[in-house]
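Have a look at the structure below before the remarks.
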2 protein chains.
Amino acid sequence: MRSVSDDQTTKARIRDAAILRFAQDGLDAPLRSIASDAGVSAGLIMHHFGSRAGLRRACDDYVQASIRDNKAKLMVPAGAPAAMLAQLAQLEGYAPLVGYILRCLQSGGELTSRLVEGMVADTVDYLREGVRAGTVSPSRDEAARARLLTDFALGSLLLNLPAGKDPLILAELPAWFAAYVDRILQPTLEVFTEPLLTDSTLLDAYLEGQGSAQSTERTTS
Amino acid sequence: MRSVSDDQTTKARIRDAAILRFAQDGLDAPLRSIASDAGVSAGLIMHHFGSRAGLRRACDDYVQASIRDNKAKLMVPAGAPAAMLAQLAQLEGYAPLVGYILRCLQSGGELTSRLVEGMVADTVDYLREGVRAGTVSPSRDEAARARLLTDFALGSLLLNLPAGKDPLILAELPAWFAAYVDRILQPTLEVFTEPLLTDSTLLDAYLEGQGSAQSTERTTS
DNA sequence: TCGGATACTGAACGCATGTTCAGAACATTA
DNA sequence: TAATGTTCTGAACATGCGTTCAGTATCCGA
């Protein structure tokens, strides 16, 4: 076909409609609704993507590629992973993409692992620069700390987002992100500036136990 | 009926089977599989619970009641909310309950809000005692900090759990929890003992901006 | 202009699900 | 024992889904 206003391939149009529907109605949105949005029959989705799983795979790949591109582009600070999603959500036209990512994170699919891994890597870089600049204290295990902080940020985001509330109103997403950041910023800064625990007895005790345990029972990896 | 080994009402047996199935196969587990597990016809579920939603409501209520009971009972420390789930998971026979809770947290139903709210309240108490004992530093907003820490704990838990991996092997849950705690304990203790940010310029800047903003634009709540 | 490939439709199939319902089995009370 | 209400079954219904398929329109190279 490809008749009027041919700014997109039909296949791409279906993919975009799918991302939007998945973001709005959840990852179990029916193929027929996607087809309807794209102005297309359900059978054509099968023709282009083989199956529902194929469509999901195409969406995942496209989203990951988009993230990769936009990460290098507008993400100057690129530090906190949640901040990246918040920034993306503000960007005109990127709300469906962010919504799709949130749905995936919630359901824990394959994309989740890939995205989280990428965010952990970014956080590692970000923290390393902070350590070099002297604004961030060094860690005994930089990788573990980066993963922990990433999990904290993404996890609390997931727990707080208007979950279950189907459908997810994408138009409200930017405002919601802004409110969320506004809500957590002060306690977050506080807890990462002034230590929650007043002394290091707990940490010392753990390190002590870990040290002796490692020297005695070295059987397990 | 209520014939042999009548240690439970049929209704209770169905509820328990439902919690187990929901935990294992997800909250969209078919009623027929639950009925089969309970040795009962699907129609009987309707007779006792009215609908699928009614069964879910019964499960939610039962789980919340169990949590309330066990909180007062064995939760001596009761501090970190994730720790409570970890402890419960170790307890013989409570793995399905924990699995069900994890599924609910992931899907963000009504139980989620209730449970999270309860855990936030517990954390508030726990932190208050720590502050009084001098082991925990005070906060500018105790409620906000408690919520943040709860979200961190639960969120990172959700993000890390063997998600999407249907079915969830309940027998492996205790071991998984142990491994998870072992993995995050050191970086967690570190980040809450030695401040991540080396100075308070960021926090000060935020408090500064917030203070002046509050004095000038007091329109929004 | 022809012919084959590709894009696309719309109806149909097969399956799983929640729910309904008529009736059987059972318990309880009179 | 008879009557009555509760528990429970098994088949059936209605619906919505992913997928298949035969057939039609459209494009493109020879």
Side-chain angles (χ1 to χ4, degrees), chain A residues 1-60 62 100 103-104 107 109-110 164 166-167, chain B residues 1-60 62 100 103-104 107 109-110 164 166-167:
Chain A
M1 278 293 188
R2 216 177 293 185
S3 52
V4 267
S5 79
D6 188 6
D7 52 343
Q8 265 193 141
T9 313
T10 302
K11 195 173 174 181
R13 194 154 35 92
I14 294 175
R15 173 182 28 73
D16 288 352
I19 290 177
L20 199 146
R21 271 287 177 186
F22 285 145
Q24 265 188 350
D25 302 347
L27 295 181
D28 53 353
L31 288 187
R32 283 174 166 86
S33 68
I34 296 168
S36 165
D37 286 359
V40 135
S41 75
L44 190 59
I45 297 184
M46 307 304 297
H47 175 63
H48 278 303
F49 298 95
S51 71
R52 181 189 178 81
L55 176 62
R56 280 296 314 280
R57 231 173 291 127
C59 290
D60 283 6
Y62 179 77
Y100 182 84
R103 295 281 190 189
C104 287
S107 306
E110 189 197 350
D166 286 271
Chain B
M1 280 289 189
R2 216 177 292 186
S3 54
V4 268
S5 77
D6 188 5
D7 51 344
Q8 263 193 143
T9 314
T10 303
K11 196 172 175 182
R13 195 154 32 91
I14 293 175
R15 170 179 35 69
D16 288 352
I19 290 177
L20 200 146
R21 271 286 178 187
F22 284 145
Q24 265 189 349
D25 302 347
L27 296 180
D28 54 352
L31 288 187
R32 282 172 167 84
S33 69
I34 295 169
S36 165
D37 285 1
V40 136
S41 75
L44 190 58
I45 297 183
M46 307 304 297
H47 174 64
H48 279 302
F49 299 95
S51 70
R52 180 189 180 81
L55 176 61
R56 279 296 314 280
R57 230 173 294 126
C59 290
D60 283 4
Y62 178 76
Y100 183 83
R103 295 282 190 190
C104 287
S107 307
E110 188 196 351
D166 286 272

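Throughout, protein chains are lettered first and strands after them, A, B, ... in sequence-line order, and every chain is numbered starting at 1.
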- Message: Assuming nearest nucleotide by heavy-atom distance, tell me which of A/Arg32 and A/Gly43 is located more 5' along DNA chain C.
- Response: A/Gly43
- Message: For a quick check of understanding: with a heavy-atom distance under 4.0 Å over all strands, which category does A/Leu31 fall into, base, sugar-phosphate or nothing?
- Response: sugar-phosphate
- May I have the distance from B/Asp25 (atom CG) to C/dA16 (atom C1'), rounded to whole angstrom? 15 Å
- Could you tell me whether the side chain of B/Arg15 reaches within less than 4.5 Å of the side chain of B/Thr9, counting heavy atoms only? no
- Would you mind telling me which of D/dT9, C/dA7, D/dT20 lies closest to the side-chain atoms of A/Met46? D/dT20
- Length of the CG-P vector between A/Leu27 and D/dC17, whole Å: 15 Å
- Note on the structure: In whole angstroms, the gap separating P of C/dG10 from CD1 of A/Ile45 amounts to 14 Å
- Item | B/Arg13 side-chain N/O to B/Asp37 backbone N/O, donor-acceptor pair under 3.5 Å | no
- Item | Main-chain N/O of A/Ala23 paired with A/Arg103 side-chain donor or acceptor, under 3.5 Å | yes
- Think B/Thr10 has a side-chain N or O under 4.0 angstrom from the OP1 or OP2 of D/dT7? no
- Query: What is the distance, rounded to the nearest whole Å, between atom NZ of A/Lys11 and atom C1' of C/dT6?
  - Reply: 13 Å
- Rounded to whole angstroms, how far apart are CD1 on B/Ile14 and C1' on D/dT7? 10 Å
- May I ask you to test the A/Arg52-A/Leu55 pair for a side-chain heavy-atom distance under 4.5 Å? no
- Message: Could you tell me how far apart B/Arg52 (CZ) and C/dA16 (C1') are, to the nearest whole angstrom?
- Response: 12 Å
- Message: Quick check: on DNA chain D, is the nucleotide nearest B/His48 upstream (toward 5') of the one nearest A/Gly50, or the reverse? Name the residue that is more 5'.
- Response: B/His48
- Task: May I have the distance from B/Phe49 (atom CZ) to C/dT19 (atom C1'), rounded to whole angstrom?
- Result: 16 Å
- Name the residue closer to the 5' end of DNA chain C, choosing between B/Ser51 and A/Ser41 according to the nucleotide with the nearest heavy atom. A/Ser41
- Message: Please confirm whether the shortest side-chain N or O distance from A/His47 to OP1 or OP2 of C/dC8 is below 4.0 Å.
- Response: no
- Task: Check the distance between C/dG18's P and B/Arg21's CZ and give it to me in whole angstrom.
- Result: 13 Å
- Would you check, one step at a time, whether the test side-chain contact (heavy atoms from CB on, under 4.5 Å) holds for B/Arg56 with B/Phe49? CA-CA 9 Å; B/Arg56 279 296 314 280; B/Phe49 299 95; over 6 Å; no
